[in-house]
K.L.:
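The structure that follows is given in the form of structure tokens.
Numbering starts at 1 and runs along the sequence shown.
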Amino acid sequence: MNRTRARRSLILLLLAASAAISVADAKELRWSAFDVKARLDAAGNLHVVETQHMVFDGDWNGGERTFRLFQGQALALESVARIDSDGTRHPLSQGELSAVDEWAWSSPNVLRWRSRLPSDPPFANAELVYELTYTLHGILQKRGSTYVLDHDFAFAEREWPIQEFALALALDPVWKPEKPFIGTFRTGALPPRQGFVVTVPLAYTGSAQPEAVGGLASPRQRQALWILFGAAILVLYFSWRSRDGALGRFAPLIPPESIDQAWLEKNLLSLSPEEAGALWDEKIGAPEVAAVLARLASEKKISSEVHGKTLKMRLLVPVQRLDGYDDDLVKALFLGKEETDTDAIKKHYKSSGLDPASKIKRGLEAKLKTHPDFQDTSPAPSRWWTPALFAGGFALHSAAILSGREEPGQLFSTAFMYLIVYGIGAACAFAFQKRIVHVDAFSPGFLWVPALLFLYVGLGMADTTPVSMLTVLGSLLLRLGVVNGVFNLAKTRNGARRIARRKALASARMFFAHELSKPAPRLKDEWFPYVVAFGLTAEADHWFKAHGAAAAGSAAAWTGSSGGSSLSSSSS
């Protein structure tokens with residue numbers, strides 16, 4: 001029984017405490033009246049005197065006013081004052097809100113003022129009257145020949161209601177309303193989160209353009225610039241196709257059926273396998289290293305065989321008979337011995353590492369320079385347009401910031417976004433630059449950049465937020481800089497003769513791949529190093545697994561039309 005009573009007492013105590021806390025925390029705020037007197041001057045500036053009758057109930061610290069400013073608009077706060085019931089004015093001073101009757105900006109567009117110290121008793125339905133005097137610049141939007149005042153005079157960011165709202169709006173005589181306009185507005189209660197927007201189309205009858213017009217881009221102007229951006233993308237696209245097309249980049253390859261041994265001797269076999277591999281894709285890497293080893297094997301200078309996962313190689317000639325990069329590669333792999341294998345090579349270079357391609361790169365590049373066709377280059381696109389467009393775009397954005405028509409943070413976010421898009425697009429375009437096969441099929445690898453930016457701007461047309469013309473033009477130049485830079489990087493640097501020779505090599509590679517898909521390919525043993533150079537070892541392995549045994553048994557493997565020798569599976 002005692003325990004039951006104790007529990008009931010505890011519950012009652014907790015409920016009482018909870019109720020006390022709820023009462024203590026309860027606070028309310030309302031505006032018994034919100035009076036605005038505004039005047040639009042001849043220059044287009046809006047001068048506002050805002051009188052707020054605020055009723056505080058609870059432990060409020062003071063008042064808060066949020067100003068919603070669009071791009072191109074700026075606010076100049078002139079004074080904040082508290083007015084007693086007898087009309088006595090108490091100007092508030094700017095401070096840190098540590099004392100009553102101080103005001104400060106808690107953020108660029110949120111004004112706060114101190115009405116009570118934390119040590120003071122809470123308010124009990126106390127009405128305090130505050131007067132805010134300020135001027136809004138760039139408040140007008142220019143749409144064609146019409147100027148539009150479109151402004152919320154009762155800030156919709158409130159969480160508490162206004163019981164009575166009144167607005168008296170006066171216009172300088174140079175402004176003529178295009179629709180009936182009284183200038184006096186009065187309404188009953190405004191619930192929380194509801195503003196009072198007044199939209200007045202105006203005709204300007206002054207002698208010069210108003211100084212304080214926001215310089216905002218109208219929807220039609222933004223749409224026109226979007227169409228202009230799309231036209232510029234098309235110009236850059238067709239410029240790329242015209243230039244690279246004239247150099248032969250889009251020309252088709254020679255069909256495999258049209259290639260015979262005479263064609264191969266003229267266009268391929270006059271080159272060493274590693275030369276052909278390096279020239280067709282303009283890279284020197286693992287296929288070229290393997291091609292050198294395959295060539296040395298075909299020349300009976302080395303032999304190789306596979307034991308499990310280990311490749312064993314044997315030197316068949318004195319190392320003195322090797323020269324150039326053949327000598328450099330063999331010395332790096334054989335380690336001064338007549339025999340070597342992959343296990344020994346890995347163990348030797350475990351700490352220092354080995355890049356076999358570096359052993360042949362310098363000598364092979366020197367050898368490639370002896371072929372005139374492969375020294376044929378096309379002039380690089382102009383390097384000045386892209387940085388000039390970027391510089392112009394940043395200059396216009398900076399001008400918008402300095403004139404108060406754009407927030408600095410917007411420029412940083414815009415620049416960061418375009419930098420990311422340009423970085424990824426430039427990498428894709430640079431990788432595409434050397435491609436000569438399936439050019440159209442792989443072009444979306446960089447064409448997504450102009451498509452994405454065009455779509456991004458198009459979707460932005462649905463946003464009715466006013467935007468400064470300087471900002472719109474600056475963004476247009478930045479986008480053009482991104483697109484122009486990507487197109488320039490995608491353009492080939494090869495000349496017409498170099499492209500023709502590379503396409504011939506690509507045709508030879510396609511011929512080898514086509515023949516390796518047949519049970520009886522038109523190939524010879526001595527051509528195998530070219531298969532390796534073209535990176536077709538996987539196709540060769542597939543052929544040997546599918547047809548090698550049968551072909552070796554019939555002595556018909558890799559037989560050329562002129563009577564090629566047989567190639568057994570062991571000789572691969």
K.L.:
Can you tell me if D41 uses its side chain to pair, donor with acceptor, with the backbone of G44 under 3.5 Å?
P.N.:
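It does hold such a pair.
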K.L.:
Strictly below 4.0 Å, N to O, side chains only: are R89 and E131 in salt-bridge contact?
P.N.:
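Looking at R89 and E131, the cut-off is met.
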K.L.:
Would you indicate whether I420, at its atom CD1, is surrounded by more than 12 heavy atoms from other residues, nucleotides or ligands within a distance under 6.0 Å?
P.N.:
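Correct, the count exceeds 12.
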K.L.:
Check the side chains of E28 and W160 for a donor-acceptor pair under 3.5 angstrom, ignoring hydrogens and angles.
P.N.:
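Short answer, no.
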K.L.:
Determine yes or no for a side-chain-to-main-chain donor-acceptor pair under 3.5 angstrom, with S358 supplying the side chain and D355 the backbone.
P.N.:
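Flag set: sc S358 to bb D355 pair under 3.5 Å.
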K.L.:
Under a 3.5 Å distance rule, please check whether D244 uses its side chain to pair with a backbone N or O of R249 as donor and acceptor.
P.N.:
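No; zero donor-acceptor contacts below 3.5 Å.
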K.L.:
Apply the test side chain to side chain donor-acceptor pair (under 3.5 Å) to residues E50 and Y130: give CA-CA distance (whole Å), side-chain angles for both, the deciding distance (0.1 Å), then the verdict.
P.N.:
CA-CA 8 Å; E50 191 174 277; Y130 289 95; over 6 Å; no
K.L.:
Mind listing the side-chain donor-acceptor pairs of residues 436-459 below 3.5 Å, one per line with the distance, residues two or more places apart or on another chain?
P.N.:
{"from": "D440", "atom 1": "OD1", "to": "R241", "atom 2": "NH1", "distance (Å)": "2.5"}
{"from": "S443", "atom 1": "OG", "to": "D440", "atom 2": "O", "distance (Å)": "2.8"}
{"from": "W448", "atom 1": "NE1", "to": "G445", "atom 2": "O", "distance (Å)": "2.9"}

K.L.:
Can you name the nearest heavy-atom pair linking S475 to T414, along with the distance?
P.N.:
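So the minimum-distance heavy-atom pair works out to OG-CG2, 4.4 Å.
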K.L.:
Go through W105 and L77 one step at a time and tell me if the side chain to side chain contact (heavy atoms under 4.5 Å, CB included) criterion holds.
P.N.:
CA-CA 10 Å; W105 293 101; L77 181 65; 3.9 Å; yes
K.L.:
Quick check: closest heavy atoms across L46 and I139, and the distance to 0.1 Å?
P.N.:
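Smallest interatomic distance, heavy atoms only, reads CB-CG2, 4.0 Å.
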K.L.:
Kindly say whether E78 contributes a backbone atom to a donor-acceptor pair with the side chain of T133 at under 3.5 angstrom?
P.N.:
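No; judged by distance alone, with no hydrogens or angles, the pair does not exist.
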K.L.:
Parallel under 30°, tilted from 30 to 60°, perpendicular over 60°: which one fits the rings of F196 and F165?
P.N.:
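Tilted.
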K.L.:
Assess whether side chain to side chain donor-acceptor pair (under 3.5 Å) is satisfied between T66 and R158, documenting all intermediate values.
P.N.:
CA-CA 8 Å; T66 300; R158 309 178 328 275; over 6 Å; no
K.L.:
Is it true that a side-chain atom of R39 and a backbone atom of K37 form a donor plus acceptor pair closer than 3.5 Å?
P.N.:
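The answer is no, because no donor-acceptor pair under 3.5 Å joins these two groups.
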K.L.:
Does the side chain of F123 reach to within under 4.5 Å of the side chain of D59, using non-hydrogen atoms?
P.N.:
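A side-chain contact is absent here, since even the closest heavy-atom pair is not under 4.5 Å.
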K.L.:
Would a distance-only check, ignoring hydrogens and angles, find a side-chain to backbone donor-acceptor pair under 3.5 Å from W240 to V235?
P.N.:
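Between the backbone of V235 and the side chain of W240 there is no qualifying donor-acceptor contact (under 3.5 Å).
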K.L.:
Under a 3.5 Å distance rule, please check whether D376 uses its side chain to pair with a backbone N or O of A496 as donor and acceptor.
P.N.:
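Checking the backbone N and O of A496 against the side chain of D376, a donor-acceptor pair under 3.5 Å is found.
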K.L.:
Any chance you could lay out the side chain to side chain donor-acceptor pair (under 3.5 Å) test for D150 and T199, step after step, and finish with the verdict?
P.N.:
CA-CA 4 Å; D150 186 16; T199 303; 2.8 Å; yes
K.L.:
Would you mind checking if R502 and E282 are paired as a salt bridge, meaning a charged N to carboxylate O distance below 4.0 Å?
P.N.:
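Counted as a salt bridge, because a side-chain N and a carboxylate O are separated by less than 4.0 Å.
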K.L.:
Just checking, is any N or O donor in the side chain of H90 or D101 under 3.5 Å from an acceptor N or O on the other one?
P.N.:
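H90 vs D101: no donor-acceptor pair found between side chains.
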K.L.:
Is R82 paired with D84 through a side-chain N to carboxylate O contact shorter than 4.0 Å?
P.N.:
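Salt bridge flag = yes for R82 with D84.
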K.L.:
About how many Å separate CD of Q94 and CG of L111, when rounded to the nearest 0.5 Å?
P.N.:
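Result: 9.0 Å between the selected atoms.
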K.L.:
Check this for me, if you would: do E102 and R114 make a salt bridge, where the nitrogen-to-carboxylate-oxygen distance has to be below 4.0 angstrom?
P.N.:
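Not counted as a salt bridge, because no side-chain N and carboxylate O are separated by less than 4.0 Å.
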K.L.:
Given 3.5 Å as the limit, does a donor-acceptor pair link the side chain of K503 with the main chain of A251, or not?
P.N.:
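Present.
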K.L.:
Can you find a heavy atom in the side chain of E178 that is under 4.5 Å from one in the side chain of L202?
P.N.:
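Side-chain contact under 4.5 Å: no.
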K.L.:
Distance check, rounded to the nearest 0.5 Å: L476 atom CG versus M469 atom CE?
P.N.:
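Answer for the CG-CE pair, L476 versus M469, is 10.5 Å.
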K.L.:
Write down the atom of S32, the atom of Q163, and the distance for their closest heavy-atom approach.
P.N.:
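Here S32 and Q163 meet closest at CA-OE1, 3.2 Å.
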K.L.:
Looking at G63, is its backbone amide N or carbonyl O close enough to the side chain of R112 to form a donor-acceptor pair, meaning the two atoms are under 3.5 Å apart?
P.N.:
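Side chain of R112 to backbone of G63, a donor-acceptor pair under 3.5 Å: no, none is there.
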K.L.:
Inspect the contact between R65 and E157 and indicate whether a charged nitrogen and a carboxylate oxygen are less than 4.0 angstrom apart.
P.N.:
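No, this pair does not count.
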K.L.:
Does Q433 reach the main-chain N or O of L489 with its side chain, forming a donor-acceptor pair under 3.5 Å?
P.N.:
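The answer is yes, because a donor-acceptor pair under 3.5 Å joins these two groups.
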